Structure formats: C-alpha cells, structure tokens
Amino acid sequence: MCGIVGYIGKKNTKEILLSGLKELEYRGYDSAGIAILQNGVFSNFKAVGKLVNLEEKTKEFKTNDFAVGIGHTRWATHGKPTELNAHPHLGEHSYVVHNGIIENYAELKKELQAGGVTFLSQTDTEVIVHQFEKNMKVLKNSFEAFKKTLKELHGAYAILLVTKEQSDTIFFAKHGSPMIIGINEQNENYFASSDTPLIGHCKSVNYFEDGDYGYAKPNEIVIFDKTDTKKEAKLTPLSQNRLSAQKDGFRFFMEKEIYEQSSVISDTLMGRINDKEVIFEELSPTLFAGINEIKLCACGTSYHAAMSASYLFERYAKIKTSLEIASEFRYRDPIMTKDTLFVVISQSGETADTLETLKMAKAAGLKTLAICNVDNSSIVRLSDATILTRAGIEKGVASTKAFATQVSVFWMLSLYIARLKNSMSEDAIAAQISLLREVPAHVKVNDAMHERIKRLSKRYLHGHGFFFIGRDVFYPLALEGALKLKEISYLHAEGYPSGEMKHGPIALADPELFTIALLPKYLHYEKAKSNVEELSARDSTICAISQLEFDKADDFIQINECSHYMLEFFEMMVVLQLLALEISIRLGNDVDMPRNLAKSVTVE
Ligand code: F6R
C-alpha cells in the first residue's frame, strides 16, 4: 500500500513528483506529501485527502535547476489520515517516506523519546528518520547511519530518505515492499513503487530485490544486497505505453475496464490455444511431474477466481484441489507436502499476505506457480513459473478485468492439465477450446443491457442487505458480485451458496432483503431455481439473472444465449460488475477510489 516517488535532477522536481504520485494514487489516497531539497533548503508540503489538495497547496511553489525530492501518497496503517501523519516525515535535518510497516516501531520510539526526541506523528514511519539522525550523531557519515538504521528496523519497507548532510543524494532501501529506480541519458534518477510514474522519463529500470539498499546521486548509484555485498543495477527495458492508463471517455476507470474485458481476454488467449490443445510456453510440463494436489492461495477477488478454478480443476483435470485465503494460511501451521503445486493468484503481484504464503511454500520445498497481472512484480520474481494474465494496467480499485483474465487462465489451465493427465478425451478438450474462443464475444458490453441495468439500479439503493446466490462455479461468482457491490456502494452484501440459504440466512428474508440470483441454464438449473423460489415465497425481493425467463422474480436480467455454463458465467460476471458500478454511481460514490481501500495491499 502507499505510493512512493523520488527524483534527482534538474527538471521541474515538483511537477515530476506530483505527476508520479498521480500515477500511484490508486495505492492509497488519504493524504499525500512531498519534500524537496534545493540549495540546502527543504520545502515540504502535505495535504489530507486526494492529490488535488496537495496540488492546490503547492500551486505557488516553484523549483528550478538541481533538486532532490521525495513524495508519498498514503493509505493509513498507524495513525489517522491527518496532515501530521502524512509523509514525508521530518527529523532535524532529514525527511523520509516509507511504504510498509515497521513492526518494532513502538520499542524504537520509546528509546528515542527517552533520549529526548519529540515525535510529531502517530506513525511507525517517523522512527526511521529519528533513528537515522541518532545514528548520524555517532557515526558522522550519512550512509553508515542509514545502513545501521536499516539493521535496527524489523518489518516490511520501501524507504527513501534525504538529508541536508548529503544534499545531492537519495538513500533507498527495499525489504518486502516494491521499489524501482529508473535512470536516463540525462543522468536523472527516478524512484517509484511501480513502473507507471517512470513511463516517459526512463527507458530502463532496475527492480530492487528484498534486502537491497544504497544511495543514488548524479552519476552514481550504489546498491548493496542483503548480505552487504555491492552489486550492479540490473537494467530491464520499461514499456512506454501509457495509453491504457487513460479513461478514454468513460466515466470511471472501472467502467472502461469492464468494457475492455473482451479485448484483454483475447490477449490472454492469444497464442495459448489452437484447435486441439492449450499451450503455455511459459510452463515446463515437468512442473506437474509428481504433483497430486494443487493448492490455490490468494486474497479478495483473486481468491474468488481461485475458487472458480477449484471447481474446474477437479471437474476437468481430475486433480485434487484445495483453496486457501492467504492471510489465514500464513498463521495456521499448514501441512505442505512436496506432491502439491502451490499456486498463488494476484493481480498486483505485491499483495503482502499472498507473497508471504509463496515464501512459505518455497521454504517448504514446494513447486510454485503464479497467476499474475504484473510482470516483474515481487510474486512473479519469486515463483518458479508464472502465467501472466495480460489484463493490462488495472486502475479501478475494484478489480474487474483482472478477474476476467484470471478465470480465463484457469479455464485454460484446467484443460492443459487435463491433457497432461489424460483426464479428458481429445474431442472434449477441443470442444472446450472452441467455447473458450467465444468468451471475448460474451463479455462485450451491449448498450441495451447496460441501459437496462442503469435503469434497474435505482431500485437497489436501500434495503437492509443483499444476498448474491449461486451454485457450483456460480458460488464464487456470487461472492465476487457481492464484493464488487460492497466495495464501491458501501451497501451490505454477502455471497452465499444457493443451497445454503435455508440453513440460516433465509430468516432474513423480507421485501427489504435483495436477492441477486444466478440461474445458469446449463448447471443445476432446477436446483438453483428451487432455492430462489424458497426465498421468493418468503417475500425477499428477487433480481434473477439467467438466459431462461423466470417468473418468480421481481426483476429479471436476461443474458444472451449461451451454449455452456462457463459462457453463462462470463455473461453474468459482466452483469454483476455493471450493477455494482451503476448503483455506486447513483449513490454518488467515487467508483475508482472507494473509501478505506487501496489498489495494492502491501501490508498484512
Ligand atoms: C477487490 C480487490 C481486492 C484484491 C485483493 C488481492 O476488487 O481488488 O479484493 O483482489 O486485494 O489483490 P491482488 O490480486 O493484487 O493480490
């Protein structure tokens, strides 16, 4: 969580920092700040709320010629979103920005306070700058003081620190939170938590590894690894495509991303299917040798995609599949056996809980596979193998196209494993592949349907809650529909297996309880229908989604004709995404930056 930028050079430092933060604002937006050191003088600005507030505050401030600057956009962990808690944090002559959590901050703070240091914020971050200055007083060398400070910190961090003692330099460290540096021909240095702020400024970047630390100044970058061994920057070309980062006339990024699903799923399938088989060039067939079980581990929407996969893997690949929520798995002393392939699923590739489970699986000697949307992310770099989902940059905090591509990858992967294990006939695989080819057409948003959902949405702005219900693979879709709605509308919504409603939740049924019922024609239709009828009989307000007419519903959204339940899955996915979007818009919420959330959850 949180976004960090840094710059050393002669261009307009303020603009570079602010535009970099704009690109990272999705990572956290409860406050933001910058500190710029120019001609030995620090200028520091902070503002609560979105970045526009900081832009407004810095309107009159100008930088020219050489300067060193750092900036931060915050998602609060320790301390409320106030100006005092916003980064950069100040010592006597230094500023720091940090992403992550310093776990031993309370002990350090106590010691520093006992030594006479006054703290201005409630954050864990502020200890870094004071600890650095304390070490500086003894060691009289900024880099040695920085290095000693890092050894004293426990937890996860990406840190940038600037000090008047060395006014042309940024000190950096990465341990568990993402950080990259970009370099260009003009000898400028750019730091950021992800690629996007660097697009247009640098052609190549270095992705720091966990444990890397060092400093950068004009003409010099010095990097040490976790064993304190000096190492060279490893430059990787940076994609220069910023086009997808713009809204293209849509009201919100989320809306644009829903509309993009058809083309990104085509990209996801591209080169990976022919008429007979699924080809993952990125996978070696030996990855599955000796594997008797697949364990899928993820958080949030990625977890829902994983849950869909668990049905497909057992049904098609006939392989035992288990499912784990990453934050639970981490702390429950799980049994890990080497005949298990450990699969992590993550849009960002930076989710702290998921990353940690990957480390656990690796430490236990399991083979690992990542299904991820961000190349070069921490999860991708750590996994034995990766399938990239190719959804492109996803900016809306509520994940849509990433989920669509994750499920597409899983459907392909179930057929890939089915072929390896001979668990399906060639003809059956070929038939499924031809269905896969139909997915892009089924997720295309149709104007009439969007219009209908827009109109319908006004009936669903109140009530005491929503139940999204489905069976089999439509249960994870129901969970995902409920998550989308609660994230951006702030209405209470739950996903439930249709058959489970009568075991308790049906007690809630009344006209103010909204049931969004997923009724696929090709998977347990009669059974799911009976479950909805039970709710209808108890006067719950029902909105049914199906390709078959259903007269027991108050509202009915008819999807296009489909010949298979997975195509119905993708059709219904779009309906649920649009329904959440339109309800949120009617409620006047900020769809792309819903309250209390951030795009990439890099804290546990
Ligand atoms: C919901 C959403 C989150 C993420 C979750 C995991 O719309 O976006 O639930 O799915 O935080 O993130 P990744 O997939 O980046 O690991």
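What you see is a predicted model; the values in this text were computed from it and never measured. Residues take their numbers from the sequence shown, with the count starting at 1. Just so you know, ligand 1 is whichever comes first in the structure, and atom 1 is the first atom listed for that ligand.
Between the OH atom in Y303 and the CG atom in L483 there is a gap of 12.5 Å [rounded to 0.5 Å]. Here the straight-line distance linking atom OG1 of T123 with atom CD1 of I102 works out to 10.0 Å at 0.5 Å rounding. K359 NZ to R330 CZ: the interatomic distance, rounded to the nearest 0.5 Å, is 8.5 Å.
Cation-pi geometry between R595 and Y490 is met: the NZ or CZ atom falls under 6.0 Å from the ring centre, inside 45° of the normal.
Taking 4.0 Å as the cut-off, H304 does not count as a neighbour of ligand 1 on heavy-atom distance. Within the structure, ligand 1 has V397 among the residues with a heavy atom less than 4.0 angstrom away.
When the heavy atoms of T351, V601, L483, I345 are ranked by distance to atom 16 (O) of ligand 1, first place goes to T351.
Listed by number with element, the atoms of ligand 1 under 4.0 Å from a non-hydrogen atom of A398 are 7 (O). Those atoms of ligand 1 that come under 4.0 Å of a heavy atom in S399, given as number and element, are 7 (O), 8 (O). With ligand atoms numbered from 1 in the order given, ligand 1 contributes 1 (C), 7 (O) to contacts under 4.0 Å with heavy atoms of K484. Residue contact check: Q347 has heavy atoms under 4.0 Å from atoms 13 (P), 14 (O), 15 (O), 16 (O) of ligand 1. Heavy-atom contacts of S302 reach the following atoms of ligand 1: 10 (O), 13 (P), 14 (O) (cutoff under 4.0 Å). Residue G300 has at least one heavy-atom neighbour below 4.0 Å for each of these atoms of ligand 1: 9 (O), 10 (O). For ligand 1 and S346, the ligand atoms under 4.0 Å from any heavy atom of the residue are 13 (P), 14 (O), 15 (O), 16 (O).
Considering backbone and side-chain atoms alike, T354 places every N or O at 3.5 Å or more from each N or O of ligand 1. In terms of polar-atom proximity, defined here as any N/O pair under 3.5 Å, Q406 makes no such contact with ligand 1.
In terms of protein heavy atoms, atom 15 (O) of ligand 1 is closest to S348 OG, 2.7 Å. Looking only at heavy atoms of the protein, atom 10 (O) of ligand 1 is closest to T301 N, 3.0 Å. Ranking protein heavy atoms by distance to atom 6 (C) of ligand 1, first place goes to C299 O, 3.4 Å. The shortest contact between atom 1 (C) of ligand 1 and any protein heavy atom is with E487 OE2, 2.9 Å.
Taking the six-membered ring for Trp and thresholds of 30 and 60 degrees, Y416 and F280 have ring planes more than 60 degrees apart, a perpendicular arrangement. Relative ring orientation between F410 and F313 is described as perpendicular, the plane-to-plane angle rising above 60° on a 0-90° scale split at 30° and 60°. Using cut-offs of 30° and 60° on the angle between ring planes, the pair F467 and Y496 is perpendicular.
Neither the backbone nor the side chain of E350 has a heavy atom within less than 4.0 Å of ligand 1.
Taking 4.0 Å as the cut-off between side-chain N and carboxylate O, R251 and E582 count as a salt-bridged pair.
Between H462 and F514, the distance from one ring center to the other falls under 6.0 angstrom.
K50 NZ: more than 12 foreign heavy atoms inside a 6.0 Å radius.
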- Test log, rule side-chain hydrogen bond (donor to acceptor under 3.5 Å, both in side chains), inputs Q261 and Q577: CA-CA 11 Å; Q261 292 182 119; Q577 293 167 339; 2.7 Å; yes
